[in-house]
Amino acid sequence: MLHMENVSYVALRQPIVFELEGFEVSRSHGYPLFALVLAIYFLVLLGNVVVMGVIAIDKTLHKPMYVMVCNLAACDLLGGTAVMTQLMVIFLMGEKRIPYNSAYAQAICVHTYGAAVQTILSAMAYDRYVAVCEPLRYHAIMTTAHMVFVILLAWAVAIILIAVLFALNVGTPLCGTYIRHVYCSNRSILNLACVPTPINDIYGLCMTWILSSSSFLIIFFCYSKILSACLMRKSGKGSRSKALQTCASHLVIYLIFEIVSLIIILSNRFPQVPMNIKKFCTILIFIVPPLINPIIYGFVTKELRTSIIKLLKTWVAPKL
């Protein structure tokens with residue numbers, strides 16, 4: 001005979017204030033760590049704002065490729081700001097408490113960043129595919145309207161997926177406030193739920209797998225076609241080299257994002273790894289790509305590099 005067991009719980013009521021586990025560091029170490037994160041965040045802001053500003057100001061860069069770079073920079077700022085500002089508060093003030101609404105706002109920004117990076121990189125791969133494989137039809141295909149549609153589609157897919165993810169959390173009772181993480185995420189908040197959340201778990205896993213697999217397949221297809229077109233084309237080495245160099249920056253950025261994601265996964269698979277190292281690995285994805293991406297585009301992409309130097313000269317010259 002099966003016996004039904006009544007499980008009772010007392011759910012928390014608003015106002016709910018969470019507490020982040022954060023890093024296990026003393027206050028004396030918190031100040032230099034604050035200075036380090038502040039310096040990194042300043043470089044992230046500087047690099048991405050310069051890229052966005054130059055693209056916005058220089059009309060010669062009003063092309064699909066650079067408009068997408070501008071959107072990627074905005075996405076990097078979203079992810080970097082969501083996590084690094086919270087880290088600075090923790091290191092400087094030792095304040096690990098975070099209100100309910102702020103916690104969900106951070107979690108939504110974190111997940112939107114992770115999803116949008118992949119969709120935007122997929123859109124950029126599609127743009128390069130059209131540019132290299134259909135050079136004579138590129139301007140006919142990538143019209144302003146089509147470019148806007150592709151960019152809006154990339155953002156819409158990411159936002160809708162994340163909106164559904166968090167919509168499933170509505171009404172979920174919470175029985176705890178201690179978040180065992182450096183920042184707030186969907187999973188870290190759901191770990192505090194009073195009841196099992198199978199629908200949320202299944203949707204989250206399926207969404208992550210479908211989004212990552214789809215982005216990988218789109219990027220793999222586009223760049224395999226680009227490589228094939230460059231090898232088969234009878235044009236000179238100069239044009240082939242230029243085409244490959246244009247695509248190299250996009251591919252490197254995608255590989256950096258995937259490598260950092262792999263480091264996060266591997267760090268959580270080894271229990272002997274110190275907890276602070278694991279936590280540090282989990283925030284790399286919000287530090288490395290936003291910090292490295294503007295540098296890659298600024299140095300590798302000739303047109304953008306030239307525009308940045310030209311703009312800097314116009315700013316500095318009148319002051320000399």
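- Between L291 and P294, the closest heavy-atom pair is O-CD, 3.6 Å.
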| request: Before giving the answer on side chain to side chain donor-acceptor pair (under 3.5 Å), spell out for S188 and S185 the whole-Å C-alpha distance, their side-chain angles and the decisive distance to 0.1 Å. | output: CA-CA 5 Å; S188 64; S185 65; 3.1 Å; yes
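- Within a 6.0 Å sphere centred on CG of L262, heavy atoms belonging to other residues, nucleotides or ligands number more than 12.
- Closest approach of D76 to P289, counting heavy atoms only: OD2-O, 4.0 Å.
- Nearest heavy atoms, C281 versus I263: SG-CG2, 3.9 Å.
- At a threshold of 4.5 Å between non-hydrogen side-chain atoms, the residues Y297 and I253 count as touching.
- If you run side chain to side chain contact (heavy atoms under 4.5 Å, CB included) between L165 and each of N186, N200, T112, T208, only N186 comes through.
- Looking at T282, its side chain does come within 3.5 Å of a backbone N or O of K279 through a donor-acceptor pair.
- Put simply, L190 and L192 are part of two different groups of oily side chains (I, L, V, M, F, W, Y) that touch within less than 4.5 Å, one to the next.
- Summarising the geometry of M142 relative to M68, their closest heavy-atom pair is CE-CE, 4.0 Å, with the distance given to 0.1 Å.
- Residues L77 and V110 share a hydrophobic cluster, clusters being chains of Ile/Leu/Val/Met/Phe/Trp/Tyr side chains in contact below 4.5 Å.
- Looking only at side-chain heavy atoms (C-beta outward), L161 and T119 stay at 4.5 Å or farther from each other.
- Between H181 and Y183, the ring center distance clears the sub-6.0 Å criterion.
- Judged by distance alone, with hydrogens and angles left aside, the side-chain atoms of S102 form no donor-acceptor pair with the main-chain N or O of I98 at under 3.5 Å.
- Environment of CZ in R97: sparse, with no more than 12 heavy atoms of neighbouring residues, nucleotides or ligands closer than 6.0 Å.
- Closest approach of T172 to L168, counting heavy atoms only: OG1-O, 3.9 Å.
- Checked against a 6.0 Å centroid threshold, the rings of H29 and F91 do not count as neighbours.
- Going from atom OG of S261 over to atom CD1 of I285 covers 3.5 Å, rounded to the nearest 0.5 Å.
- For Y223 and Y129, the ring centers sit 6.0 Å or farther from each other.
- Minimum heavy-atom separation, L92 to Y31: O-CE2, 3.6 Å.
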| So L87 and F34, side chain to side chain contact (heavy atoms under 4.5 Å, CB included) or not? Walk me through it. | CA-CA 8 Å; L87 282 177; F34 163 77; over 6 Å; no
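- Q106 places a side-chain N or O within donor-acceptor distance of the main-chain N or O of C184, the cut-off being under 3.5 Å.
- With hydrogens and angles ignored, the 3.5 Å screen pairs no side-chain donor or acceptor of S213 with any backbone N or O of I210.
- Hydrophobic cluster membership differs between I218 and I141, with clusters built from Ile, Leu, Val, Met, Phe, Trp and Tyr side chains linked at under 4.5 angstrom.
- No side-chain heavy atom of V182 sits less than 4.5 Å from a side-chain heavy atom of L20.
- Atoms CZ and CZ, on F221 and F216 in that order, are 13.5 Å from each other to the nearest 0.5 Å.
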| Under the side chain to side chain contact (heavy atoms under 4.5 Å, CB included) criterion, do E95 and I90 qualify, and how do the steps go? | CA-CA 5 Å; E95 181 58 71; I90 293 174; over 6 Å; no
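- Annotation for H62: atom NE2 counts as buried by contact number, over 12 foreign heavy atoms lying within 6.0 Å.
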| task | Please test Y41 against T81 for side chain to side chain donor-acceptor pair (under 3.5 Å), starting from the C-alpha separation and ending with a verdict. | result | CA-CA 8 Å; Y41 184 56; T81 300; 2.9 Å; yes
| query | How far apart are the C-alpha atoms of E19 and I179, what are their side-chain angles, what is the distance that settles it, and do they pass the side chain to side chain contact (heavy atoms under 4.5 Å, CB included) test? | reply | CA-CA 6 Å; E19 183 177 355; I179 295 178; over 6 Å; no
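- Put simply, F286 and V49 are part of the same group of oily side chains (I, L, V, M, F, W, Y) that touch within less than 4.5 Å, one to the next.
- Distance alone, capped at 3.5 Å, is enough to place a donor-acceptor pair between the Q118 side chain and the G114 backbone.
- Of the possible donor and acceptor atoms, none in the side chain of N71 sits under 3.5 Å from a partner among the backbone N and O of I151.
- Neither Y100 nor V17 shares a network with the other; the hydrophobic side chains, linked directly or stepwise wherever heavy atoms of I, L, V, M, F, W or Y lie under 4.5 Å apart, form separate groups for each.
- A salt bridge does not link R305 to E303: none of the charged nitrogens lies less than 4.0 Å from a carboxylate oxygen.
- Under the 4.5 Å side-chain criterion, counting only non-hydrogen atoms from C-beta, L43 is not in contact with I40.
- Side-chain atoms of S228 never come within 3.5 Å of backbone atoms of S224 as a donor-acceptor pair (strictly under, hydrogens ignored).
- No donor-acceptor pair closer than 3.5 Å links the side chain of T177 to the backbone N or O of F18.
- Between the CD1 atom in I55 and the OH atom in Y66 there is a gap of 8.0 Å [rounded to 0.5 Å].
- The shortest distance between side-chain heavy atoms of V148 and L152 falls below 4.5 Å.
- Summarising the geometry, atom CG belonging to L251 is positioned 10.0 Å from atom CG belonging to L227; distances are rounded to the nearest 0.5 Å.
- Within the 4.5 Å cutoff, the side chain of V288 has no heavy atoms near those of the F257 side chain.
- Rounded to the nearest 0.5 Å, atoms CZ (F23) and NZ (K278) are 13.5 Å apart.
- Defined by atom type and a distance below 3.5 Å, a donor-acceptor pair is present between the side-chain atoms of D127 and Y138.
- Side-chain atoms of C70 and V51, non-hydrogen and from C-beta on, never get closer than 4.5 Å to each other.
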| request: Evaluate side chain to side chain contact (heavy atoms under 4.5 Å, CB included) for M124 paired with V69, printing each intermediate quantity in order. | output: CA-CA 8 Å; M124 294 171 71; V69 169; 3.9 Å; yes
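- Atoms SG and CG, from C75 and N48 in turn, are 10.0 Å apart once rounded to the nearest 0.5 Å.
- Contact annotation: the side chain of V67 approaches that of M147 to within less than 4.5 Å [non-hydrogen atoms, C-beta and beyond].
- Classification of the F166-Y104 ring pair by plane angle, with boundaries at 30° and 60°, yields perpendicular.
- Taking a cutoff of 4.0 Å between a charged side-chain nitrogen and a carboxylate oxygen, R187 and D201 qualify as a salt bridge.
- The number of heavy-atom neighbours closer than 6.0 Å to OH of Y178, taken from other residues, nucleotides and ligands shown, is above 12.
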